[in-house]
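Structure record follows, encoded as structure tokens.
Because the structure is predicted, anything quoted here is derived from the model rather than measured.
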Amino acid sequence: MRKLIVALLLLCSTLASAKVLNIEFNFTPYIGEPAKADHVETVPGKASVFINNVPVAEQEIQKRTVPVLFDNREIGTAVWVPASSMGSALRQGKNKIRIEFVPASAKAPYEAQLRWASVTDQVTRTEKGPGQVSSTNQSDEGAEVKKSVGKVVFEREFVADFAADLPWHHFPPVTALTDADKAQLTSMVAARAEVVQPDFATAYQLLKNASTPGMQLDLAGIQKSKILNKGYAAGIRVGAPAADKLDFVLTGNPEVVIRSKAGALFRSTRRLSDASRVTNCKWAWPWFWAYCIRLNWLPCAMPREVGPLYIDSPEQHKWKGAHDAIATTGGRND
């Protein structure tokens with residue numbers, strides 16, 4: 001009995017000292033019986049992820065067979081959302097994640113599962129039987145299952161003490177936009193597209209400072225091979241929509257999200273005056289495409305039709321790109 005008490009005390013001490021490095025969310029819409037079957041079928045549709053009302057990811061889910069694993073019947077993940085990928089929309093302390101899923105069929109019944117777990121800096125080992133030991137660096141695991149027809153929404157609050165605490169996180173929320181605000185924000189969107197021109201120094205710096213896990217480019221390789229220079233010479237340009245094609249979304253936070261009413265906010269376009277340039281253009285095209293996607297995902301991992309975040313500095317009432325704010329305050333969005 002004494003040994004058991006000592007073991008429990010040591011376990012509690014280990015858990016108490018474990019540092020949370022990340023929080024992971026896993027979402028899957030499915031058809032099947034995970035309690036009985038070893039496989040279920042995912043439901044096709046579109047999942048959108050929001051953190052503190054800011055869109056951070058969007059993913060098409062295809063119909064496929066996924067496994068059901070372990071004693072707790074974990075369903076294979078369709079959408080994986082680590083908190084570390086949420087960029088500057090993530091706050092140090094309390095946050096709320098929202099996942100909205102719209103199935104391809106609005107009338108077919110299905111179930112959806114949201115799982116979560118904290119990733120720590122320590123490994124916990126559990127003896128399950130003679131010669132059987134399991135180990136994990138996860139804690140605070142949980143799950144929620146909903147039955148649905150049509151759209152389903154999951155919301156969960158969580159604490160991210162590991163997130164960066166940026167000065168503009170403490171600005172008051174933007175509650176309204178004047179015509180002057182919208183004009184200035186529209187100009188900033190256009191200016192972001194215009195940085196893609198020789199000598200590309202601003203463009204490279206923009207990408208370097210806004211590195212996001214899962215969406216990184218080989219900047220050194222691009223600069224060395226002068227891919228952007230060659231693409232530009234071949235007639236490729238980066239463009240933004242006209243002012244009347246933009247939507248401005250208030251989030252209840254200092255951030256304002258800018259959307260294109262149709263398609264991507266930033267797009268690569270071809271302006272070819274010489275047919276002989278087509279070969280070079282095709283060679284450079286993927287890099288310009290990747291650059292446009294990267295622009296659309298600044299300063300956090302956003303869906304392609306969602307634009308960069310902008311914040312309102314209450315001290316100067318001057319709009320700034322969240323990326324620029326991070327750079328000037330010495331923070332970093334990793």
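- A 4.5 Å side-chain heavy-atom check between D121 and N137 finds every atom pair outside the cut-off.
- Checked by atom type and distance alone, the side chain of R115 never pairs as donor or acceptor with a backbone atom of T77 at under 3.5 Å.
- Smallest separation of non-hydrogen atoms from V79 and A47: CG2-CB, 4.0 Å.
- For the pair V66 and R64, the minimum side-chain heavy-atom distance is below 4.5 Å.
- Residue R98 forms a side-chain contact (heavy atoms from CB on, under 4.5 Å) with just one option from N53, I51, V49, and that option is N53.
- T28 places no side-chain N or O within 3.5 Å of a backbone atom of Q113 that could act as its donor or acceptor partner.
- The two residues D140 and W116 have their closest heavy-atom pair at O-CD1, 3.6 Å.
- Tracing side-chain contacts under 4.5 Å through hydrophobic residues (I, L, V, M, F, W, Y), one never reaches V159 starting from I97; they form parts of separate clusters.
- Atom CH2 of W80 and atom CD of Q59 lie 11.5 Å apart (nearest 0.5 Å).
- A distance of 12.5 Å separates OG1 in T42 from OH in Y30, rounded to the nearest 0.5 Å.
- Under the 3.5 Å distance criterion, the side-chain polar atoms of R259 are left unmatched by any main-chain donor or acceptor of D247.
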*Starting from the C-alpha separation in whole Å, work towards a yes-or-no answer on side chain to side chain contact (heavy atoms under 4.5 Å, CB included) for F27 and V81.*
CA-CA 8 Å; F27 172 77; V81 187; over 6 Å; no
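- Looking at D199, its side chain does come within 3.5 Å of a backbone N or O of A201 through a donor-acceptor pair.
- Between atom OG1 of residue T65 and atom CD1 of residue I31 there is a gap of 11.0 Å, rounded to the nearest 0.5 Å.
- At least one side-chain heavy atom of E24 sits under 4.5 Å from a side-chain heavy atom of Q138.
- Side-chain contact between F50 and K96 is absent, with no heavy-atom pair separated by less than 4.5 Å.
- Between atom CG of residue N22 and atom CE of residue M86 there is a gap of 8.5 Å, rounded to the nearest 0.5 Å.
- Within the 4.5 Å cutoff, the side chain of D38 has heavy atoms near those of the R73 side chain.
- Under a cutoff of 6.0 Å and an axis angle of 45°, K19 and F162 do not form a cation-pi pair.
- Within the 4.5 Å cutoff, no side-chain heavy atoms of Q62 are placed close to those of P44.
- A donor-acceptor contact shorter than 3.5 Å links the side chain of Y110 to the backbone of G150.
- Summarising the local packing, CD of E33 is surrounded by 12 or fewer heavy atoms from other residues, nucleotides or ligands at distances under 6.0 Å.
- Atom CG of D179 is surrounded by 12 or fewer heavy atoms from other residues, nucleotides or ligands within 6.0 Å.
- Of all heavy-atom pairs spanning N95 and A160, the tightest one is ND2-CB, 3.7 Å.
- In terms of heavy atoms, V153 sits closest to K146 at O-NZ, 2.5 Å.
- L250 is listed as a side-chain neighbour of V256, based on a closest heavy-atom distance under 4.5 Å.
- Distance check: E155 CD to I99 CD1 gives 10.5 Å after rounding to the nearest 0.5 Å.
- The heavy-atom pair separating S118 from V20 by the smallest distance is CB-CG1, 4.0 Å.
- With K261 contributing its side chain and D244 its backbone, the two residues share a donor-acceptor pair below 3.5 Å.
- Here the CZ atom belonging to R91 is positioned 5.0 Å from the CG atom belonging to N253, to the nearest 0.5 angstrom.
- Counting heavy atoms from C-beta outward, I61 and V43 have side chains that stay 4.5 Å or more apart.
- H169 contributes a side-chain N or O that, together with a main-chain N or O of S88, makes up a donor-acceptor pair within less than 3.5 Å.
- Ring centers of F154 and F25: at least 6.0 Å apart, outside the cut-off.
- Residue E60 comes nearest to G45 through the heavy atom pair OE1-O, 3.3 Å, listed as atom of the first residue, atom of the second, then distance.
- The backbone N or O of E58 lies less than 3.5 Å from no partner atom in the side chain of S48, so there is not a single donor-acceptor pair.
- Looking only at distances, no side-chain donor or acceptor of N52 sits under 3.5 Å from a matching main-chain atom of L90.
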